[in-house]
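Numbering of ligands and ligand atoms starts at 1, following listing order. From a predicted model like this one, the values you see are computed outputs, not experimental measurements.
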Amino acid sequence: MKITITAIKADTGSLGGHVVPDPKMKEAISKLMEAEKGVTIIDYHIQSVGDDIAIIMSHTHGEDCEQIHELGWKAFLKSTEIAKTLGLYGAGQDLLADSFSGNIRGMGPAIAEMEIEERPGETVVLFQADKTEPGAYNLPLYLMFNDPMHNPGLMLSPKMKDGFTFEIIDVEETEVNSIVSLNAPEEIYDIAALIRNNHKFIVEKVFSRTTGEIAAVNCTTRLNLIAGKYVGKDDPIMLVRAQGIFPATGEILSPFTLAHYVSGFMRGSHHGPLKPVKVNGGLSFFDGPPIVSACAFNVKNGKFTTFIDCFADQFWDTIRNKANQKALYIREQGFSGPAMLEDKELEYGGITDKLDRLKGRFEARAKALNKKIKN
Ligand code: F6R
Ligand code: MG
Ligand code: MG
């Protein structure tokens, strides 16, 4: 059976700052989704990470279906209404348009969508991150699909021997979708050369070279590139298929043991470690650190099983401790050097304003001339 999984997420307001949405917001979304179950959608699941709510829907209408996108949009309008009524902070923050215009892409919420031919025992892992950007998944995707240190299946299983194709998008090209398709393992150095830049080149999709099937889809929204000004970080959502011709769930999770440094954190303007957390949790320190959750689930005829919280196990406490340490280490140097993002990636205009203002205060002074000792 051909089904589509659509995962949409947005920050529509939260409690106590940019920390966690109110449960009533999720209830309002759930009510709307329940009414659509068996009508427009087959099934749905709602969760949050940090201040972002994610809605995962299954249906048979394919990708970019107007009615499905509109349903997601309406759901976030509902949660915004509740946030406004309760007086929560940042109500409707990610809803950049006044009215729905056919496709939710470019309207603020992030979306990861894949149409698949459902396998027996179809297994999917959903990632949801907060206080970071879609490029935060670049390194984990590279490692889970290319590196036998994390994915020994690349050596052990004949099903993955042909490798994977990476579709990488240049998100700074806003006029067109500028995408390059590169094959691993032959072109892994080219892939690495692009995706080391998490702001510009983002892995959007990964395909199996054994069957051509979609393996992973990442959202590639950059809110500031849409709105042209700071409107919050993009807090990415991603779907990865697991097992069989795809990496095992454990191979998919393995790169998250790195707690690698990503952009985001306080005011979307710092580097911090990507900390694996339990679902529905909030933030703790310096509006961060950047956090990521993972849920594994199965789909049968479009119906979802229970979502398993992959980072709930105490194993991940060790990684959380490591991430906390890494956060403290980089925070020790405050605004200096690599702790803060380069000028162009800062999410607020304060520093560029200061630099502009100070430009006129610089004065040209004559360069010192070398003097020679006179005999
Ligand atoms: C980062 C984020 C927060 C806010 C910070 C200030 O993505 O959402 O770190 O930037 O709490 O928020 P405002 O400017 O809304 O007071
Ligand atoms: Mg927010
Ligand atoms: Mg957020």
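- For Lys131, every heavy-atom contact with ligand 1 shorter than 4.0 Å involves the side chain, none the backbone.
- Residue-level check: among N/O/S atoms of Asp11, OD2 sits closest to the Mg ion (ligand 2).
- Within the 6.0 Å centre-distance limit, the rings of Phe286 and His270 are counted as a close aromatic pair.
- Minimum heavy-atom separation, Asn301 to Met1: CA-SD, 3.5 Å.
- At a heavy-atom distance under 4.0 Å, only side-chain atoms of His18, from C-beta outward, approach ligand 1.
- A 6.0 Å sphere centred on NZ of Lys78 holds no more than 12 heavy atoms belonging to other residues, nucleotides or ligands.
- Glu347 places no side-chain N or O within 3.5 Å of a backbone atom of Ser269 that could act as its donor or acceptor partner.
- Classification of the Phe304-Phe307 ring pair by plane angle, with boundaries at 30° and 60°, yields perpendicular.
- For Asp130, the N, O or S atom with the smallest separation from the Mg ion (ligand 3) is OD1.
- In terms of polar-atom proximity, Asp51 is not counted as a contact of ligand 1, lacking any N or O under 3.5 Å from an N or O of the ligand.
- Note on Asp51: its N/O/S atom closest to the Mg ion (ligand 3) is OD1.
- The distance from ligand 1 to the heavy atoms of Tyr89 drops below 4.0 Å at these ligand atoms: 13 (P), 15 (O), 16 (O).
- Set against the non-hydrogen atoms of Tyr348, the atoms of ligand 1 under 4.0 Å away are 4 (C), 5 (C), 6 (C), 10 (O), 12 (O), 13 (P), 14 (O).
- Using a distance-only test at 3.5 Å, with no hydrogens or angles considered, no donor-acceptor pair links the side chain of Thr220 to the main chain of Asn218.
- No path of Ile, Leu, Val, Met, Phe, Trp and Tyr side chains, each step under 4.5 Å between heavy atoms, connects Val124 with Ile68, placing them in separate hydrophobic clusters.
- Not a single donor-acceptor pair under 3.5 Å links the side chain of Asp51 to the backbone N or O of Val20.
- The atom of His18 nearest to the Mg ion (ligand 2) is ND1, with the search restricted to N, O or S atoms.
- For Asp235, the N, O or S atom closest to the Mg ion (ligand 3) goes by the atom name OD2.
- Minimum-distance N/O/S atom of Asp52 relative to the Mg ion (ligand 3): OD2.
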